[in-house]
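Atoms considered below: every heavy atom in the structure, side chains included; atoms not considered: hydrogens, waters and symmetry mates. Please read these numbers as outputs of a predicted model, since none were measured by experiment. Note on naming: letters A, B, ... go to the chains in the order of the sequence lines (proteins, then strands), and numbering restarts at 1 for each one.
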Protein chains: 2
Amino acid sequence: MSMSFYTADSLKAELHERGWRLTPQREIILDIFQNLAAGRHLSAEELCELLQKEGHDISLSTIYRTVKLMARMGILRELELAEDHKHYEINQPHHHHHHLICVRCNQTIEFKNDSVLKIGDKTSKKEGYHLLDCQLTIHAVCPACQRSILPV
Amino acid sequence: MSMSFYTADSLKAELHERGWRLTPQREIILDIFQNLAAGRHLSAEELCELLQKEGHDISLSTIYRTVKLMARMGILRELELAEDHKHYEINQPHHHHHHLICVRCNQTIEFKNDSVLKIGDKTSKKEGYHLLDCQLTIHAVCPACQRSILPV
DNA sequence: AATTTAAAAGAGAGTTATTCTCAACAAGCT
DNA sequence: AGCTTGTTGAGAATAACTCTCTTTTAAATT
Ligand SMILES: [Zn+2]
Ligand SMILES: [Zn+2]
Ligand SMILES: [Zn+2]
Ligand SMILES: [Zn+2]
């Protein structure tokens with residue numbers, strides 16, 4: 001699994017390894033995710049608003065490019081919740097969690113489970129893959145929706 | 001977990017329970033997925049092409065509506081692979097599998113792991129949710145992409 | 001078998017998250 | 001300081017998916 005904490009310098013080093021550059025935008029976005037409350041995740045739009053609130057005008061194009069880049073580097077987790085857009089959060093194995101989603105009302109519960117990461121480690125190692133992240137997504141019907149007779 | 005095999009009759013019964021109807025379109029689409037090779041999954045577009053090849057003209061609207069409906073009933077699994085669209089396959093616990101995806105080239109390996117379903121069962125039961133499906137998605141870098149110096 | 005009612009299908013427009021394009025800019029090397 | 005090339009920003013383009021509305025039809029009722 002990738003390292004659990006990135007500084008501007010370690011990000012710079014890892015970018016340079018691949019011939020890429022550390023820009024102020026990338027540094028600021030990394031900083032936002034580093035300082036996000038545990039368990040909080042942002043969509044591209046939410047990240048854009050948060051950046052503006054803090055006085056940083058970074059274009060949506062750059063935001064989309066940066067979170068995708070960081071996800072592919074293993075710095076961010078790309079979460080597919082039951083919505084029509086992606087969420088991102090910093091990738092720290094210690095705070096690893098997974099999602100239990102109601103397919104009717106989309107209510108989502110986060111839960112932890114240590115064996116999931118072990119399965120991910122074992123499986124990727126066996127195939128020679130370099131693990132970045134693993135996510136268990138459970139689709140189910142929540143208690144409230146089980147009681148309701150309403151369609152969907 | 002839901003039943004592992006649906007006939008037209010059992011689908012009809014389950015639809016009627018909720019005041020819904022069994023249409024020829026729904027029956028045909030169920031049949032397609034029942035007869036799909038194990039491990040094969042279809043996008044909405046792919047399903048549409050396959051239906052046309054077999055002489056069934058079902059509109060894309062209906063296809064999108066039907067796979068979404070069947071996923072919410074637990075009949076189909078909705079897979080979020082590393083592409084820009086969803087895939088569907090029949091939901092049979094016996095053939096349950098999960099996905100190891102290269103974030104650079106999107107190559108996907110399917111693998112089985114019995115404990116994943118157990119974790120899903122335990123977690124949903126604990127929260128009072130009715131389990132429909134659970135999927136472990138591993139994001140990683142494949143051996144070929146580890147060797148390549150190319151960006152992305 | 002005919003009637004009735006509401007669910008579902010089909011066609012196409014509409015939505016929107018995300019990607020693409022390209023000119024202007026700037027990080028980092030010499 | 002100058003050069004090379006990766007990156008940004010703005011907006012257009014893309015495409016998966018949903019919505020709207022009219023027509024059709026499943027299936028319950030008479
Ligand atoms: Zn989360
Ligand atoms: Zn619910
Ligand atoms: Zn599969
Ligand atoms: Zn690869």
Once you round it to whole Å, what is the distance between [atom2] of [N] and [atom1] of [X]?
X     : N      : atom1 : atom2 : answer
A/I29 : D/dG9  : CD1   : C1'   : 13 Å
B/I63 : C/dG12 : CD1   : P     : 15 Å
B/H87 : D/dC17 : NE2   : P     : 9 Å
A/L11 : C/dG28 : CG    : C1'   : 15 Å
B/I58 : C/dA11 : CD1   : C1'   : 15 Å
A/Q52 : D/dG9  : CD    : P     : 12 Å
B/E27 : D/dA26 : CD    : C1'   : 12 Å
B/L42 : D/dC17 : CG    : C1'   : 17 Å

Checking B/H96 against B/H94 for the side-chain hydrogen bond (donor to acceptor under 3.5 Å, both in side chains) test, could you report, in this order, the C-alpha distance in whole Å, the side-chain angles of both residues, the deciding distance, and whether it holds? CA-CA 6 Å; B/H96 232 224; B/H94 312 284; over 6 Å; no
Looking at [X] and [N], is any side-chain donor or acceptor paired with a base atom of the opposite kind under 3.5 Å?
X     : N      : answer
B/R65 : C/dG10 : yes
B/R21 : C/dA7  : yes
A/R18 : D/dG6  : no

[X] has a side chain; which of [options] sits nearest to it?
X     : options               : value
A/S59 : D/dG9, D/dT7, D/dT18  : D/dG9
B/T62 : C/dA9, D/dA16, D/dG6  : C/dA9
A/W20 : C/dG12, D/dG11, D/dT7 : D/dT7
B/K12 : C/dA7, D/dA27, D/dA16 : D/dA27

Give a yes or no answer on whether the side chain of A/S115 reaches the backbone of A/N113 with a donor-acceptor pair at less than 3.5 Å.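 A pair under 3.5 Å: no.
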Which residue is it: B/E89, B/K86, B/E110, B/E46? I am looking for the one with a side chain to side chain donor-acceptor pair (under 3.5 Å) to B/H41.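 Going through B/E89, B/K86, B/E110, B/E46 one by one, the side chain to side chain donor-acceptor pair (under 3.5 Å) with B/H41 is satisfied by B/E110 alone.
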Is there a side-chain contact between B/I32 and B/E54 (heavy atoms, below 4.5 Å)?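 Yes, at least one pair of side-chain atoms sits under 4.5 Å.
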Would you check if B/Q107 and A/Y129 make a side-chain contact, meaning some heavy-atom pair closer than 4.5 Å?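 Of all side-chain heavy-atom pairs linking A/Y129 with B/Q107, at least one is under 4.5 Å.
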What is the bend of the helix from C/dA1-D/dT30 to C/dT30-D/dA1 when you compare the axis at one end with the axis at the other, using five pairs each and rounding to 10°?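 The end-segment axes of the helix from C/dA1-D/dT30 to C/dT30-D/dA1 are tilted 40° relative to each other.
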With a 4.5 Å cut-off on side-chain heavy-atom distances among I, L, V, M, F, W and Y, is there a chain of contacts connecting B/L79 to A/I101?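 In one cluster with B/L79: A/I101, no.
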Which residue pairs pass the salt bridge (Lys or Arg N to Asp or Glu O under 4.0 Å) test with at least one member in residues 21-37 of chain B, sequence neighbours excluded?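 For residues 21-37 of chain B, and leaving out neighbouring residues, there are no salt bridge (Lys or Arg N to Asp or Glu O under 4.0 Å) pairs at all.
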Using a 4.0 Å heavy-atom cut-off across all strands, classify [X] as base, sugar-phosphate, or nothing.
X     : answer
B/T23 : sugar-phosphate
B/R26 : sugar-phosphate
A/L60 : nothing

Phosphate OP1/OP2 of C/dA26: any A/Q25 side-chain N/O under 4.0 Å: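 For A/Q25, the contact criterion (side-chain N or O under 4.0 Å from OP1 or OP2 of C/dA26) is not met.
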Taking only side-chain nitrogens and oxygens of A/Y64, does any of them come within less than 4.0 Å of OP1 or OP2 of C/dT19?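 No.
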Is there a salt bridge (Lys or Arg N to Asp or Glu O under 4.0 Å) between B/K68 and B/E78? Walk through the geometry before answering. CA-CA 8 Å; B/K68 184 65 77 182; B/E78 189 175 65; 3.0 Å; yes
Go nucleotide by nucleotide along DNA chain D from the 5' end; which of B/A44 and B/H16 gets its closest nucleotide reached first?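 Whichever sits nearer the 5' end wins; that is B/A44.
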